[in-house]
Q: 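Sharing a structure below in structure tokens format, with a few things to ask.
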Amino acid sequence: QVQLVESGGDLVQPGGSLRLSCAASSADSRFKLDYYAIGWFRQAPGKEREGVGCITASHGTTYYPPSVKGRFTISKNNAEATVHLHMNNLTPDDTAIYYCAAELVGYGVACLRRVSDYAYWGQGTQVTVSS
């Protein structure tokens, strides 16, 4: 079992920036974030949960959908078991609850893009972009 805790959500003006954090932990002493692919998702009121990016387990390869590419960046610190989502040039359309998700893949090189790819989820953190 893996626990994920997001933080960093806030109210920000259009054009602003935020950094979200996802802290991973487990009661299993063998737990290493190196073996987990991570995804960031968001869900706005009345809309389906959508992916905003993912990062592979250990190679650090990332993927971003067109809606956020060039504005969002994911970084993964396996030693600290933390993943960050750096968001720049935010617009009101970015308003949503943001979730991080993890999936055990071992040394897998895939960047997992779908909600159904992930077994572990955090509770979410609210990001509101408004003037």
Q: Is it true that a side-chain atom of Q43 and a backbone atom of E48 form a donor plus acceptor pair closer than 3.5 Å?
A: no
Q: I'd like to know whether Y36 forms a side chain to side chain contact (heavy atoms under 4.5 Å, CB included) with N78, so could you lay out the CA-CA distance, the side-chain angles of the two residues, the decisive distance to 0.1 Å, and finally the verdict.
A: CA-CA 9 Å; Y36 288 78; N78 288 325; over 6 Å; no
Q: Flag yes if I38 and L20 sit in one hydrophobic cluster, no otherwise; membership is Ile, Leu, Val, Met, Phe, Trp, Tyr, and two members link when side-chain heavy atoms are under 4.5 Å apart.
A: yes
Q: Distance under 6.0 Å and angle within 45° of the ring axis: does R113 meet both against Y63?
A: yes
Q: Which residues satisfy the salt bridge (charged side-chain N to carboxylate O under 4.0 Å, His left out) test with R71, sequence neighbours excluded?
A: D94
Q: Rounded to the nearest 0.5 Å, what's the gap from OG on S26 to CD on Q1? Could you check?
A: 7.5 Å
Q: Check the hydrophobic clustering (I, L, V, M, F, W, Y; side-chain heavy atoms under 4.5 Å; chains of links allowed) and say if V83 and F31 are grouped together.
A: yes
Q: Who passes side-chain contact (heavy atoms from CB on, under 4.5 Å) against S7, sequence neighbours left out?
A: S21
Q: Looking at every heavy atom in both V12 and L90, which two are closest together, and how far apart are they?
A: CG1-CD1, 3.7 Å
Q: I need the minimum non-hydrogen distance between A57 and G106, along with the two atoms involved.
A: CB-O, 3.8 Å
Q: Do I97 and F72 belong to the same hydrophobic cluster, where Ile, Leu, Val, Met, Phe, Trp and Tyr are linked whenever their side-chain heavy atoms lie under 4.5 Å apart, directly or via other members?
A: no
Q: Please round to the nearest 0.5 Å and tell me the distance separating atom CG of L33 and atom CG of N77.
A: 8.5 Å
Q: Taking E6 for its side chain and C22 for its backbone only, find out whether a donor-acceptor pair lies under 3.5 Å.
A: no
Q: Do L11 and V127 share a hydrophobic cluster (ILVMFWY, side-chain heavy atoms under 4.5 Å, transitive)?
A: no
Q: Under a 3.5 Å distance rule, please check whether K76 uses its side chain to pair with a backbone N or O of H59 as donor and acceptor.
A: no
Q: I'd like to check R42 versus V68 (side-chain heavy atoms, cut-off strictly below 4.5 Å). Are they in contact?
A: yes
Q: For the side chain of T95 and the backbone of T128, is there at least one donor-acceptor N/O pair under 3.5 Å apart?
A: no
Q: Is there side-chain contact between P14 and T91, with at least one heavy-atom pair below 4.5 Å?
A: no
Q: Can you list the steps and then say if L112 with V105 is a side chain to side chain contact (heavy atoms under 4.5 Å, CB included)?
A: CA-CA 10 Å; L112 306 179; V105 297; 4.0 Å; yes
Q: Any chance you could measure Q3, atom CD, to S25, atom OG, to the nearest 0.5 Å?
A: 4.5 Å
Q: Under a 3.5 Å threshold, yes or no: a donor from one side chain and an acceptor from the other, between S75 and H86?
A: yes
Q: Quick one: does T61's side chain get under 4.5 Å of C111's, heavy atoms only?
A: no
Q: Is there a side-chain contact between W40 and I55 (heavy atoms, below 4.5 Å)?
A: no
Q: Could you state the interatomic distance from NZ (K69) to OG1 (T62), rounded to the nearest 0.5 Å?
A: 9.0 Å
Q: Taking atom OG1 of T73 and atom CG of N88, what is their separation to the nearest 0.5 Å?
A: 6.5 Å
Q: When you compare the side chains of S58 and D34, does any donor N or O come within less than 3.5 Å of an acceptor on the partner?
A: no
Q: Would you say the side chain of V5 lies within less than 4.5 Å of the side chain of Q123, judging by non-hydrogen atoms?
A: yes
Q: Would you say the side-chain atoms of Y120 pair up with the backbone N or O of C100, donor to acceptor, closer than 3.5 Å?
A: no
Q: Cluster question for you: counting only ILVMFWY and a side-chain heavy-atom cut-off of under 4.5 Å, with indirect links fine, are L4 and Y99 together?
A: no
Q: Any heavy-atom pair between the side chains of L85 and Y98 that's under 4.5 Å?
A: yes
Q: Can you name the ring-ring contact (aromatic ring centres under 6.0 Å, His included) partners of Y118, sequence neighbours left out?
A: F41
